[in-house]
Amino acid sequence: MIVKKLRVAVAGATGAVGREMLRILEERNFPVEELIPLASERSEGKSVPFAGGERTVRRLARDSFEGVDLALFSAGATRSREFAPAAVEAGAVVVDNSSAFRMDADVPLVVPEVNPDALDAHRGIIANPNCSTIQMVVALKPLLDAAGVRRIVVSTYQAVSGAGQSAVDELRDQVEALGREERLEASYMPHPIAFNCLPQIDVFLEEGDTKEERKMVEETRKIFGQPDLPISATCVRVPVYNSHSESVNVELGRPVSPDEARGLLSGAPGIEVVDDPAALAYPMAINASGRDPVYVGRIRRDPSAENALNMWVVADNLRKGAALNAVQIGEVLIKKRLLRAA
Ligand code: NAP
Ligand code: 3JN
């Protein structure tokens, strides 16, 4: 297949996710004719590394997208709402990393290993799910196909990088302050995170759950096409720099033994099974960081419910949870010839 090289804009190119996008576009030899890094006026004129050189950052504006084929957005939901429609109007296809459009009925919410065909109906904007949702649905997809999913109970252990570079800096500063026996200052997270766990990610909603928990529930239902699937989520910030871990309890439509589950997951795209308790081998955040797969281990029966399994799911939240998933969507758009210029 002959692939036309594309003009690719990255909105939020100076941020934690945006910088990862540039690295991944380069690593995967994405067919980039021209890379257009966009950010706030604070970054205008600065440069970002790409393809062995430097690219000058431009200010994100409504007229940034003339001639752009693909626009990857990771500059926050407010910027997505303001600028993504202008990008579409200019002829670009937008892959948006924010929550701005995820639950819109006419916007596909896509994880390429799970529901690539949802892209066929796109109308210019495609949404990338939340990082915690992405790794869970990748891990559950082989079980969904083989046995059906009846209920999910998930608890997350989310790294500070999910809250941006400032939160990473805050954890480092707090650890250093504790070493000097000084007081911990919290500004980007609601309480000190060093040597602590915070059962709050994003704001609280009326029912007592948080917005991050609600996102996991609603996004998973949309991706699986099961609007009433019972899902219970508890999202926790932990003092880990990068890579989210999740304890996932799933009730299936028929009995699936741990061995069968390991077999199904081992052959599935995007998954690596690390599950050898005798060798103390299971997925860990420090091993997943900087890598692409969703790692799954601790697969075992849950005898407290019918047809239920427990598993431990770990992935790099900035890569598969955000930037990599967005670039993979771009790759599927090319393959399916769903970019307007392709
Ligand atoms: P970050 O490190 O704080 O970076 C924010 C980026 O947005 C920077 O490039 C910043 O540019 C740019 N930006 C901020 N205000 C802007 C404005 N008014 N106009 C243009 N650009 C502006 O944050 P991050 O961790 O990369 O996250 C960015 C967004 O990605 C989040 O808000 C979220 O919507 C999404 N995200 C999604 C996931 C996921 O689960 N899929 C995970 C993390 C983040 P400057 O450097 O010029 O300020
Ligand atoms: O906290 C995490 O680990 C993931 C954070 C994701 C995030 C952070 C700020 C704004 C999002 C998101 O992707 O849902 C958003 C947002 O776009 O609403």
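What you see is a predicted model, and the numbers here were worked out from it, not measured in a lab.
Checked options Asn249, Asn307, Asn310; the residue passing with Asp302 is Asn249 (criterion: side chain to side chain donor-acceptor pair (under 3.5 Å)). When each of Glu44, Glu41, Glu66, Glu34 is paired with Arg58, the salt bridge (charged side-chain N to carboxylate O under 4.0 Å, His left out) condition holds for Glu34 and for no other.
Annotation: cation-pi pair Arg172/Tyr241 present, NZ/CZ under 6.0 Å from the ring centroid and within 45° of its normal.
For the atom pair Gln135 CD and Arg319 CZ, the distance stands at 14.5 Å (nearest 0.5 Å). Put simply, CD on Gln158 and SG on Cys131 are 5.5 Å apart, with the number rounded to the nearest 0.5 Å. Within the model, atoms CD1 of Ile152 and CE of Met216 stand 8.5 Å from one another, a figure rounded to the nearest 0.5 Å. Once rounded to the nearest 0.5 Å, the distance linking CZ of Arg298 with OH of Tyr282 reads 8.0 Å. With rounding to the nearest 0.5 Å, the separation of CG in Leu229 from CD in Glu251 is 10.0 Å. Considering CG of Leu339 and NZ of Lys336, their distance stands at 12.5 Å, rounded to 0.5 Å.
Within the 3.5 Å criterion, the main-chain N or O of Ala75 finds a donor-acceptor partner in the side chain of Arg79. At distances below 3.5 Å, not a single donor-acceptor pair connects side-chain atoms of His244 with backbone N or O atoms of Leu318. A side-chain donor-acceptor contact under 3.5 Å links Ser257 to the backbone of Glu260. Checked by atom type and distance alone, the side chain of Thr156 pairs as donor or acceptor with a backbone atom of Val236 at under 3.5 Å. No donor-acceptor distance shorter than 3.5 angstrom exists from the side chain of Glu272 to the backbone of Pro293, with no hydrogens or angles considered. A donor-acceptor contact shorter than 3.5 Å is absent between the side chain of Asn242 and the backbone of Asp316. A donor-acceptor pair under 3.5 Å is formed between the side chain of Lys222 and the backbone N or O of Asp104. Between the side chain of Ser64 and the backbone N or O of Ala61 there is at least one donor-acceptor pair closer than 3.5 Å. Counting only distance, with no hydrogens or angles, the side chain of Arg55 and the backbone of Pro37 share no donor-acceptor pair below 3.5 Å. Of the possible donor and acceptor atoms, none in the side chain of Asn325 sits under 3.5 Å from a partner among the backbone N and O of Gly321.
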#### Entry: Check against salt bridge (Lys or Arg N to Asp or Glu O under 4.0 Å), Asp275 and Arg262
CA-CA 8 Å; Asp275 198 11; Arg262 272 187 285 273; 2.8 Å; yes
Report task. Take Arg28 and Glu331 through the salt bridge (Lys or Arg N to Asp or Glu O under 4.0 Å) test and state the conclusion after the steps. Result -> CA-CA 10 Å; Arg28 295 174 73 88; Glu331 291 170 350; 2.8 Å; yes
message = As a quick check of understanding, evaluate side chain to side chain contact (heavy atoms under 4.5 Å, CB included) for Phe224 and Val137, giving each step before the final call.
response = CA-CA 8 Å; Phe224 283 175; Val137 298; 3.8 Å; yes
Note to self: Could you go through Glu306 and Arg151, starting from their C-alpha distance and side-chain angles, then the distance that decides it, and tell me whether this counts as salt bridge (Lys or Arg N to Asp or Glu O under 4.0 Å)?
What the structure shows: CA-CA 11 Å; Glu306 207 184 357; Arg151 179 170 184 252; over 6 Å; no
* Steps toward side chain to side chain contact (heavy atoms under 4.5 Å, CB included) verdict (Leu72, Leu25) -> CA-CA 11 Å; Leu72 305 178; Leu25 286 168; 4.3 Å; yes
_From CA spacing to verdict: side chain to side chain contact (heavy atoms under 4.5 Å, CB included), Ile24, Met21_ = CA-CA 5 Å; Ile24 290 173; Met21 282 174 171; 5.9 Å; no
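A salt bridge between Asp69 and Arg7 is absent, with no side-chain N of the basic residue lying under 4.0 Å from a carboxylate O of the acidic one. A salt bridge links Glu20 to Arg23: at least one charged side-chain nitrogen sits closer than 4.0 Å to a carboxylate oxygen. Salt bridge status for Arg62 with Glu82: present, with a side-chain N to carboxylate O gap under 4.0 Å.
Neither side chain, Asn128 nor Asp96, offers a donor N or O lying under 3.5 Å from an acceptor on the other. No side-chain donor from either of Thr234 and Glu213 sits under 3.5 Å from a side-chain acceptor of the other. Side-chain contact annotation: Glu170 with Ser187, donor-acceptor N/O pair under 3.5 Å present. Looking at Ser161 and Asn317, their side chains do bring a donor and an acceptor atom within 3.5 Å of each other. Looking at Thr220 and Thr133, their side chains never bring a donor and an acceptor atom within 3.5 Å of each other. With no hydrogens or angles considered, no side-chain donor-acceptor pair links Glu212 and Gln200 at under 3.5 Å.
Taking the side chain as every heavy atom from C-beta outward, Glu219 and Arg102 approach each other to under 4.5 Å. Counting heavy atoms from C-beta outward, Leu252 and Leu144 have side chains that stay 4.5 Å or more apart. The shortest side-chain heavy-atom distance between Ile334 and Pro31 falls under the 4.5 Å cut-off. Using a 4.5 Å cut-off on side-chain heavy atoms (C-beta onward), Glu33 and Leu6 make no contact. At least one side-chain heavy atom of Ile126 sits less than 4.5 Å from a side-chain heavy atom of Leu333. Between Arg221 and Ile231 the shortest side-chain heavy-atom distance falls below 4.5 Å. Inter-residue side-chain proximity for Glu246 and Ser132 is flagged as met; some heavy-atom pair is nearer than 4.5 Å. Side-chain atoms of Leu140 and Val250, non-hydrogen and from C-beta on, do get closer than 4.5 Å to each other.
Of all non-hydrogen atoms in Leu38 and Val57, the two that sit nearest each other are C-CG1, 4.2 Å. The two residues Ala13 and Leu22 make their nearest non-hydrogen contact at O-CD1, 4.2 Å. The minimum heavy-atom distance between Pro49 and Glu54, with the atom names listed, is N-OE1, 3.9 Å.
Within a 6.0 Å sphere centred on CD of Glu89, heavy atoms belonging to other residues, nucleotides or ligands number 12 at most. In this structure, Arg300 places its CZ atom where more than 12 heavy-atom neighbours from other residues, nucleotides or ligands lie under 6.0 Å away. With a 6.0 Å radius and a threshold of 12 heavy atoms from other residues, nucleotides or ligands, Arg254 has its CZ atom above the threshold.
Under the 6.0 Å cut-off for aromatic ring centres, Phe73 and Phe65 qualify, their centroids lying closer than that.
Val88 and Leu60 fall within the same hydrophobic cluster, where Ile, Leu, Val, Met, Phe, Trp and Tyr residues are linked whenever their side-chain heavy atoms come under 4.5 Å apart, directly or through other members. Hydrophobic clustering, with ILVMFWY side chains joined whenever heavy atoms are under 4.5 angstrom apart, groups Val110 together with Val327.
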